[in-house]
A.B. asks: 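Below are the structure tokens for one structure; questions will follow.
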Amino acid sequence: MRSGERSGPRRKEEIFAASLELLAEHGYDAFTVEGVAQRSGVNKTTVYRWWPSKSELLRDALLHSGTLAFDLPDTGSLTGDLAELAARVAGLLADPETRAVVEAALVGAVRHPAMRELVIQFLEDRLGRHQPLFARAVERGELPADLDPAVLVDAVAGALWIRLLVRRRPVSEDFTGQLVALLADGIAAARERAGRRRG
């Protein structure tokens, strides 16, 4: 059974928090299970019992820590949901501690196949959690059923990552509005193409 599927030690949120802190501070190379045990105040044998490797520990920390979590929006429209989704992701990345975690994970993903696999798992997990948002949009006729929602998620996340992590500029309502408007135009074009195919 995978460690993420078990209840884990009682102090696992502290272990996850320590894991992400150390990843942000030292990167994937210098990250150790021993360091996590020391930072969280949990015996290292307990940590190793649940997570035999740093990859397994980081996987669960990324997937299950509250640090990177937020509630899925449900505004009643796809454009409203995308705007709120962008705002919530921007809010996470605007926090210096969370931003440092994301930066360390992305840098590690470029340099290390193991870290890249962890980031891919995290992104796939988040895409799965976002599926109800896109399913509602399909039911309302706002989104073609054959449009891959990963394209929209990547477009939103990618634009925000570049804006905040590379350009180091804040995400304003105007920026979010322009981003969602561009996506809405693309979605409308996709609906039109889908309608022509059906016709």
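Only a predicted model underlies this, so the values are computations on that prediction, with no experimental measurement involved. Excluded from the calculations below are hydrogen atoms, water molecules and symmetry mates; all remaining heavy atoms, backbone and side chain alike, are included.
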A.B. asks: Give the minimum heavy-atom separation between D29 and K54, together with the two atoms involved.
C.D. replies: O-NZ, 3.6 Å
A.B. asks: Using 0.5 Å steps for rounding, measure from the CG atom of L62 to the CG atom of L23.
C.D. replies: 7.0 Å
A.B. asks: Could you measure the distance from the CD atom of E103 to the CG atom of L93? Nearest 0.5 Å is fine.
C.D. replies: 9.0 Å
A.B. asks: Just wondering, more than 12 heavy atoms not from E25 lying within 6.0 Å of its CD?
C.D. replies: yes
A.B. asks: Ignoring hydrogens and geometry beyond distance, is a side-chain donor-acceptor pair present between S53 and E56 at under 3.5 Å?
C.D. replies: yes
A.B. asks: How long is the span from the CG atom in L143 to the CG atom in D81, to the nearest 0.5 Å?
C.D. replies: 11.0 Å
A.B. asks: Does atom CD of E34 have more than 12 heavy-atom neighbours from other groups under 6.0 Å away?
C.D. replies: yes
A.B. asks: Please report the interatomic distance CG(L57) to CD1(I15), rounded to the nearest 0.5 Å.
C.D. replies: 7.5 Å
A.B. asks: Using a strict threshold of under 4.0 Å (side-chain N to carboxylate O), is an ion pair present between D95 and R99?
C.D. replies: no
A.B. asks: Please report the shortest heavy-atom distance between P132 and G128, naming the atom on each side.
C.D. replies: CD-O, 4.1 Å
A.B. asks: Taking all atoms of both residues into account, what is the closest heavy-atom pair of R140 and L78, and its distance?
C.D. replies: NH2-N, 3.4 Å
A.B. asks: Cation-pi between R111 and Y28: NZ/CZ under 6.0 Å from ring centre and within 45° of the ring axis?
C.D. replies: no
A.B. asks: Crowded around R168 CZ? As in, over 12 foreign heavy atoms under 6.0 Å?
C.D. replies: yes
A.B. asks: Atom CG of residue position D71 - does it have more than 12 heavy atoms of other residues, nucleotides or ligands inside 6.0 Å?
C.D. replies: no
A.B. asks: Can you see which heavy atom on R116 is nearest to which on V110, and at what distance?
C.D. replies: NH1-O, 3.9 Å
A.B. asks: Does a donor on one side chain and an acceptor on the other come within less than 3.5 Å for D174 and Q178?
C.D. replies: yes
